[in-house]
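For reference, the structure discussed in these notes is given below.
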Amino acid sequence: MKKLITVLGPTASGKTTFAAHLASRLDGEIISADSRQVYRGMDIGTGKDLADYRIGGNPVPYHLIDIRDAGDKYTLFNYQHDFHKVYSDVLSRNKTAILCGGTGLYIESVLKGYRLPDVPENTVLRKRLEPKSLDELTRILSSYKPLHNTTDTDTKKRAIRAIEIADFQRKHPASELDYPPVESVIIGLDIDRESRRQKISSRLKKRLDEGMVAEVQSLLNKGVSPDDLIYYGLEYKFVTLYVTGKINFGEMFSELEIAIHRFAKRQMTWFRGMERRGFTIHWLDFSLPVDEKIEKALVHIRNS
RNA sequence: GGUGCCAUAGCUCAGUUGGUAGAGCAACGGACUGAAAAUCCGUGUGUCCCAGGUUCGAAUCCCGGUGGUACCA
């Protein structure tokens, strides 16, 4: 049996509730893989329903939620580091670790054991690169080859970061942190497109009723910049645009709805990509009763 | 009831003097190892309202319907 259980799925597939039940059954703890739920104060918009982590009156321990202030920049590198810290802690207490979330990149970085060096910001280099065009930056980047892995470099910001990393690696050849790949059974929650769209739309109405606009307003009042909120995307982006008067309520609703639908599609593209890259995902239909999902999952877990 | 205008992709619309049609958005597919809910790339999916006519050839011109719309009664 593999030590780690991964639960993934697109937004609105019910993965959190399922993972909480699974944890409750296996005396497990949940390690979140959600790039936005790490932020404190971003609750309604991220669907951070902490009541989900309570099954039959008993709390299910969870990790990597509410670990940063809104407005902070939390990265893949931070996540990988935090995951391993928490993961070894859970194992040391003889608990079952359940990795659960919708951020495919975070999940894959852990499962594959991405090797990321700890590269600090190089302000001098950034200043020098800033005035250059994307074409020039791409040329500079190619002079650093061979690069084993790097982000896409479609924008100047990413190209500069890629150069920064490449430059650091050239000066510090043995700088990669060695996180080994983690073996895991992967359970995926499958929700057909039509149900997914319906759930997303009704959930959006519910979130607005629950005070999502006020939540964004309060983040702004606390000094989180509109640009940062917009960068966080989806709910935070469109509600910020609404609150700052850039769009009206109707536009906010319909554009946000569309953006969430597209986001769910991108998540599925990532998960399909993971399968192409060699991961086996055991898909369970979201509409099955919880108990049935648990039983099916347990079979896959025992066989792993 | 009369007259004008409109009817083309899921939506909003373009389409020249007649040569079987194309934009935006949506949708769909994909990439993606450092803010990934981000960022980026690709794909046109059509009874041109219906039925006749003119023509070698009709989304386009003519006639008759149907539906919508505006004004006049």
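All values below come from the heavy atoms of this structure, side chains included, with hydrogens, waters and symmetry mates left out. Remember, predicted model here, so these are calculated numbers, not experimental data.
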Distance test, side-chain N/O of A:R272 to OP1/OP2 of B:rG30, below 4.0 Å:
yes
Using atom P of each nucleotide, how far apart are B:rC61 and B:rG19 to the nearest Å?
11 Å
Cluster companions of A:L288 among Ile, Leu, Val, Met, Phe, Trp, Tyr (side-chain spacing under 4.5 Å)
none
Using a heavy-atom cut-off of 4.0 Å across all strands, would you classify A:S109 as base, sugar-phosphate, or nothing?
nothing
Between A:Q80 and A:S109, do the side chains contain an N or O donor and an N or O acceptor separated by less than 3.5 Å?
no
Could you tell me whether the side chains of A:S287 and A:D285 share a donor-acceptor contact shorter than 3.5 Å?
yes
Closer than 4.0 Å, any side-chain N/O of A:T269 to the OP1 or OP2 of B:rG30?
yes
Contact list for residues 45-64 of chain A, test ring-ring contact (aromatic ring centres under 6.0 Å, His included), sequence neighbours left out:
A:Y53-A:Y62
In residues 213-227 of chain A, which ones come under 4.0 Å of RNA chain B, going by heavy atoms?
none
Nearest whole angstrom, please: distance from the C1' of B:rU33 to the OH of A:Y106.
12 Å
Which nucleotide in the list B:rA37, B:rG34, B:rG29 gets nearest to the side chain of A:R161?
B:rG34
Against the side chain of A:H261, the closest entry in B:rA37, B:rA27, B:rG34 is B:rA27
Dot-bracket assigned to RNA chain B with the 3.5 Å Watson-Crick/G-U criterion, [ ] for crossing and | for other-strand pairs, is (((((((..((((.....[..)))).(((((.......))))).....((.((..]....)).))))))))).
Between P on B:rA38 and OH on A:Y39, what's the gap in Å once rounded to a whole number?
13 Å
Give me the distance, rounded to whole Å, that separates B:rC62 from B:rC5 when you measure between the P atoms they each carry.
11 Å
For B:rA26 and A:R262 - does any side-chain N or O of the residue sit under 4.0 Å from the phosphate oxygens OP1/OP2?
yes
Side chain of A:Y231 (C-beta onward), nearest among B:rA27, B:rA35, B:rU33
B:rA35
For nucleotides B:rG52 and B:rA14, find the distance between their P atoms and express it as a whole number of Å.
28 Å
Of A:G113 and A:R266, the one whose closest nucleotide on RNA chain B sits nearer the 5' end is A:G113
Distance in angstrom units between A:R68 CZ and B:rA35 P, rounded:
12 Å
May I ask you to say what A:G273 touches in the nucleic acid, namely base, sugar-phosphate or nothing, with a heavy-atom cut-off under 4.0 Å?
nothing
In whole angstrom, give the distance that lies between atom OH of A:Y114 and atom C1' of B:rG34.
11 Å
Measure from NZ or CZ of A:R276 to the centre of the six-membered ring of A:W270 and say whether it is under 6.0 Å with the direction within 45° of the ring axis.
no
Think A:T75 has a side-chain N or O under 4.0 angstrom from the OP1 or OP2 of B:rA35?
no
Take atom CE of A:M42 and atom C1' of B:rA37, then tell me their distance rounded to the nearest Å.
9 Å
Find the distance A:I107:CD1 to B:rA37:C1' and express it as a whole number of Å.
14 Å
Could you give the CD-to-C1' distance, from A:E235 to B:rA38, as a whole number of Å?
14 Å
Keeping to residues at least two apart or across chains, list the salt bridge (Lys or Arg N to Asp or Glu O under 4.0 Å) pairs with something in residues 70-81 of chain A.
none
For nucleotides B:rC13 and B:rA21, find the distance between their C1' atoms and express it as a whole number of Å.
13 Å
Is any side-chain nitrogen or oxygen of A:Y232 closer than 4.0 Å to OP1 or OP2 of B:rA38?
no
Is the shortest side-chain N/O distance from A:R36 to OP1 or OP2 of B:rA38 below 4.0 Å?
no
Integer angstrom distance from the P of B:rG64 to that of B:rG53:
16 Å
Pairwise C1' distance, B:rU43 and B:rC6 [rounded to whole Å]:
32 Å
Applying a 4.0 Å non-hydrogen cut-off, can you work out what A:D34 is touching in the nucleic acid: base, sugar-phosphate, or nothing?
base
Nearest-nucleotide pick for A:L76, side chain only, options being B:rA35, B:rA31, B:rG34
B:rG34
Any side-chain donor paired with an acceptor under 3.5 Å for A:R203 and A:T11?
yes
Kindly indicate whether the side chain of A:I5, heavy atoms from C-beta on, has any atom under 4.5 Å from the side chain of A:L22.
yes
So what does A:T46 touch, heavy atoms closer than 4.0 Å: a base, only the sugar-phosphate, or nothing?
base
Which of these nucleotides, B:rA31, B:rA37, B:rA36, is closest to any side-chain atom of A:R276?
B:rA31
Nearest to the side chain of A:V119, heavy atoms from C-beta on, is which of B:rC40, B:rA35, B:rG34?
B:rG34
Taking the C1' atom in each of B:rC41 and B:rC48, what is the distance between them to the nearest angstrom?
31 Å
Return the set of residues passing side chain to side chain donor-acceptor pair (under 3.5 Å) with A:R93 (not counting sequence neighbours), or none when no residue passes.
A:E29, A:D89
When rounded to whole Å, the CD to P distance for the pair A:Q267 and B:rA36 reads 13 Å
Indicate the ring-plane relationship of A:Y74 and A:Y39, choosing parallel, tilted or perpendicular according to the 30° and 60° boundaries.
perpendicular
Give a yes or no on whether the ring-centroid distance for A:F249 and A:Y242 is below 6.0 angstrom.
yes
C1' atoms of B:rC63 and B:rG22, separation to the nearest Å:
30 Å
Judged by atom type as modelled, is there a donor-acceptor pair below 3.5 Å linking the side chain of A:E183 to the main-chain atoms of A:K3?
no
Of the candidates B:rC28, B:rG30, B:rA37, the side chain of A:K265 sits closest to B:rC28
